[in-house]
Amino acid sequence: MKKIIVNILATTGISLLMLSVVALFFHASSIYLETVFQAFYINIITHLGIMIIQKLEFRLIFTEIMLEIIFIVCELLVFGRLFQWFTSLSFLLLVFMGVVIYIISHFFNLLEMKQEAKEINLLIKNQNKKQD
């Protein structure tokens with residue numbers, strides 16, 4: 001549970017940083033406070049949806065990744081209309097931001113898995129040394 005909360009908060013932070021970069025690119029002067037909470041809500045739903053997709057355990061990782069991206073795009077379309085994001089952002093820009101955030105999040109997950117694998121290998125080595 002702690003890992004899920006950390007991932008949601010990290011993804012929300014990445015989303016807000018990405019949105020800030022896009023806002024600066026378009027010479028925007030501010031981001032509304034409600035946008036922070038909207039990003040938080042959509043990231044909660046994104047993580048829950050991705051958890052459900054991952055529980056389905058597809059044979060090909062490519063299928064799982066494509067389903068996750070399609071879920072994110074559909075989610076952005078629905079919430080973009082609900083929160084009226086399309087008055088200030090185009091749908092394609094929003095999809096691009098969503099895919100970039102998805103890629104960055106997966107990169108951080110890979111780094112975390114690599115660290116966990118190192119720790120497990122170290123524990124195994126230590127256990128083997130104790131047995132010898």
Taking atom types as modelled, is there a side-chain donor on Asn7 or Ser105 under 3.5 Å from an acceptor on the other?
no

For Leu19 and Leu89: C-alpha separation, side-chain torsions, deciding distance, then whether side chain to side chain contact (heavy atoms under 4.5 Å, CB included) applies.
CA-CA 10 Å; Leu19 185 60; Leu89 289 172; 4.1 Å; yes

How long is the straight-line distance from [atom2] of [Y] back to [atom1] of [X], given to the nearest 0.5 Å?
X	Y	atom1	atom2	value
Ile4	Leu48	CD1	CG	7.5 Å
Thr12	Tyr41	OG1	OH	11.0 Å
Lys3	Ile5	NZ	CD1	13.5 Å
Leu76	Ile42	CG	CD1	4.5 Å
Met113	Glu116	CE	CD	8.0 Å
Met18	Ile104	CE	CD1	4.5 Å

Heavy-atom pair with the smallest gap, counting every atom of Ile53 and Phe58:
O-CE1, 4.0 Å

Considering all heavy atoms of both residues, which atom of Phe86 and which atom of Arg81 are nearest to each other, and what is their separation?
CE1-N, 3.5 Å

Hydrophobic cluster membership, with links at side-chain heavy-atom distances under 4.5 Å among I/L/V/M/F/W/Y: are [X] and [Y] in one?
X	Y	answer
Val73	Met66	no
Leu60	Ile52	no
Leu82	Tyr32	no
Met97	Phe25	yes
Leu122	Leu111	no

Taking side-chain contact (heavy atoms from CB on, under 4.5 Å) as the criterion, tell me which of Val99, Val95, Ile50 meets it with Ile72.
Ile50

Ile14: which of Leu9, Asn43, Ile101 passes side-chain contact (heavy atoms from CB on, under 4.5 Å)
Ile101

Below 4.5 Å, heavy atoms only, C-beta onward: do [X] and [Y] meet side chain to side chain?
X	Y	value
Glu75	Phe71	yes
Gln54	Glu68	yes
Asn128	Lys125	no
Glu34	Phe83	no
Val36	Phe40	no
Leu77	Leu94	no
Phe26	Leu93	yes

Would you call the rings of His106 and Tyr102 parallel, tilted or perpendicular, taking 30° and 60° as the class edges?
perpendicular

Under 3.5 Å: donor-acceptor pair, side chain of Thr35, backbone of Ile31
no

Restricting to side chain to side chain contact (heavy atoms under 4.5 Å, CB included), what partner residues turn up for Lys55, sequence neighbours left out?
none

The test is side chain to side chain contact (heavy atoms under 4.5 Å, CB included); show your working for Asn121 and Lys118 and say whether it passes.
CA-CA 5 Å; Asn121 286 334; Lys118 283 182 182 179; 5.8 Å; no

More than 12 heavy atoms of other residues, nucleotides or ligands under 6.0 Å from CD of Gln84: yes or no?
no

